[in-house]
Asks: 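Dropping the structure in here first, questions after.
One-based numbering along the sequence shown. All ligand and atom numbering here is 1-based and tracks the order in the structure. Treat the numbers as computed from the prediction; the structure is a model and nothing was measured.
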Amino acid sequence: MENIKLNIEKAFGFVAKDRVYGYEEKANACNKKLHEGTGKGNDFLGWVNLPSSISDQFITEIETVAKGLRDKCEVVVVAGIGGSYLGAKAVINALSDGFDRLREDRENPVVVYAGNNISEDYLAELTEYLSDKQFGIINISKSGTTTETALAFRLLRTQLEHQAGKEEARKRIVAITDASKGALRKLASQEGYQTFVIPDNVGGRFSVLTLVGLLPVAVAGLNIRELLKGAVDMENLCGTETSFAGNPAALYAAVRNELYKNGKKIEILVNYHPKLHFVSEWWKQLYGESEGKENKGIFPAAVDFTTDLHSMGQWIQEGERSIFETVISVKNTNKKMEIPFDPENLDGLNFLAGKRVDEVNKMAELGTQIAHIDGGVPNLRIELPALNAYYIGQLLYFFEKACGISGYILDVNPFDQPGVEAYKKNMFALLDKPGYEEESKAIKARL
Ligand code: PA5
């Protein structure tokens with residue numbers, strides 16, 4: 001079986017090759033720290049050997065729970081925010097037929113999301129959509145106290161109990177949370193919901209290959225065994241036994257740190273398939289929360305090409321030269337479509353007749369790469385042989401491992417997120433949450 005391939009050759013016009021390969025010792029040492037637990041944040045390293053440690057019995061258990069929800073529900077709402085929903089959404093969108101949810105005769109339940117915003121319109125529209133549906137809820141919150149998720153869950157479970165009755169609602173709710181802490185754990189125990197534990201040593205943004213990602217993905221009818229197989233193979237490839245040059249995670253970590261040192265402060269993750277949009281959203285969280293601290297860190301941005309070539313393309317081609325691109329390139333599409341010949345040729349497209357649509361996409365990709373390099377944008381490329389569960393599994397683990405190594409090279413703790421508390425504190429103070437009396441007074445005095 002092939003692996004996903006990282007190509008960093010097109011960075012070398014911008015940073016010296018020997019400087020990048022000069023990271024060998026450091027990157028290998030950082031990788032070792034992840035495996036030996038001797039670096040910063042070492043109580044959150046459960047993801048490092050996670051793929052290879054998941055038992056067949058556990059996978060079967062996930063598949064059984066997923067089947068229970070699939071049998072009962074036409075819609076399943078995944079309630080969670082950040083690491084508690086992005087991984088699932090990334091995988092489901094990448095691997096599902098984008099139009100399946102519009103089909104009357106679809107085999108899979110529609111998966112929708114909640115608890116990732118506080119928009120009244122969003123929640124009201126969701127409530128309305130669900131009002132005549134047999135639906136279930138997977139409520140995911142590691143802390144069990146996240147306001148966005150807890151608020152959505154309160155609304156959703158009230159609706160479900162009203163529509164299906166308390167007894168049936170209980171059978172259609174699954175809670176994924178901490179082993180003992182948090183309001184969700186308490187609520188789930190009291191109400192008798194089926195509950196699963198997010199391992200203590202796996203942070204939200206590294207949890208896609210735990211039940212947090214795997215249960216929604218299985219509910220969507222996707223193959224979690226293949227996903228994990230890909231992740232296991234990447235875990236092996238990025239282990240400490242592999243040489244620096246043979247370890248894509250170490251190389252990616254090295255080259256992006258060298259680019260950063262040379263003024264490339266923004267990394268843009270690029271895709272050429274709309275299905276990959278949420279892989280980029282997941283990646284943004286992974287790298288943004290892991291590296292953006294102590295006034296350091298590459299700003300992770302993302303674009304969908306060719307769509308955004310007609311908007312952000314101008315900035316990328318000619319704006320401030322502080323960016324580099326990492327392109328996710330899919331070698332073989334799953335479907336084939338040939339462009340038809342038109343005898344009238346009024347649209348002037350007969351020069352494309354007989355070609356595959358993907359051939360046009362690939363030439364757009366190549367043309368863009370050349371144009372952006374000419375415009376001063378270093379280009380990294382990650383090639384997926386195909387867009388399937390196996391290679392998405394490889395990609396997820398590759399990005400996780402590279403993020404850990406990269407964060408250590410940058411000398412930050414990649415596994416904490418102290419900065420996300422600031423808005424919460426202010427919001428609670430403004431909403432007069434009990435326990436925030438002093439903060440309430442102080443913040444209101446500033447208004
Ligand atoms: O990566 C993280 O830890 C965060 O983004 C969390 O995933 C997010 O804040 C949701 O937290 P919780 O699962 O506790 O509700």
Asks: Do Y129 and E125 pair up side chain to side chain, a donor and an acceptor below 3.5 Å, judged on atom types alone?
Replies: no
Asks: Would you kindly say whether E258 and N262 are connected by a side-chain donor-acceptor distance under 3.5 Å?
Replies: yes
Asks: Kindly compute the distance separating CE (M234) from CZ (F398), expressed to the nearest 0.5 Å.
Replies: 7.5 Å
Asks: Of the protein's non-hydrogen atoms, which lies at the shortest distance from atom 5 (O) of ligand 1, and what is that distance?
Replies: Q285 NE2, 2.6 Å
Asks: Going by atom types only, do T60 and R225 share a side-chain donor-acceptor pair under 3.5 Å?
Replies: yes
Asks: Is the NZ or CZ atom of K264 positioned over F324's six-membered ring, under 6.0 angstrom from the centre and within 45° of the axis?
Replies: no
Asks: Quick one: look up the protein heavy atom nearest atom 3 (O) of ligand 1 and list residue, atom name and how far away it is.
Replies: G204 N, 3.5 Å
Asks: Enumerate the atoms of ligand 1 whose separation from the nearest heavy atom of K142 is less than 4.0 angstrom.
Replies: 12 (P), 13 (O), 14 (O), 15 (O)
Asks: Measure centre to centre between the rings of F244 and Y23, then say whether the value is under 6.0 Å.
Replies: no
Asks: Taking atom types as modelled, find out whether T38 and E36 have a side-chain donor-acceptor pair closer than 3.5 angstrom.
Replies: no
Asks: Distance under 4.0 Å to a non-hydrogen atom of G83: what atoms of ligand 1 satisfy this?
Replies: 5 (O), 6 (C), 7 (O)
Asks: At less than 4.0 angstrom from any non-hydrogen atom of T146, what atoms of ligand 1 do you find?
Replies: 11 (O), 12 (P), 14 (O), 15 (O)
Asks: Against heavy atoms of S143, which atoms of ligand 1 measure under 4.0 Å?
Replies: 12 (P), 14 (O), 15 (O)
Asks: Specify the protein heavy atom at minimum distance from atom 2 (C) of ligand 1: its residue, its atom name, and the distance to 0.1 Å.
Replies: E289 OE1, 3.3 Å
Asks: Under 4.0 Å from a heavy atom of I81: which atoms of ligand 1 are those, numbered in the order shown and with their elements?
Replies: 7 (O), 8 (C), 10 (C)
Asks: Any atoms of ligand 1 less than 4.0 Å from a non-hydrogen atom of S84? List them with their elements.
Replies: 7 (O), 12 (P), 13 (O)
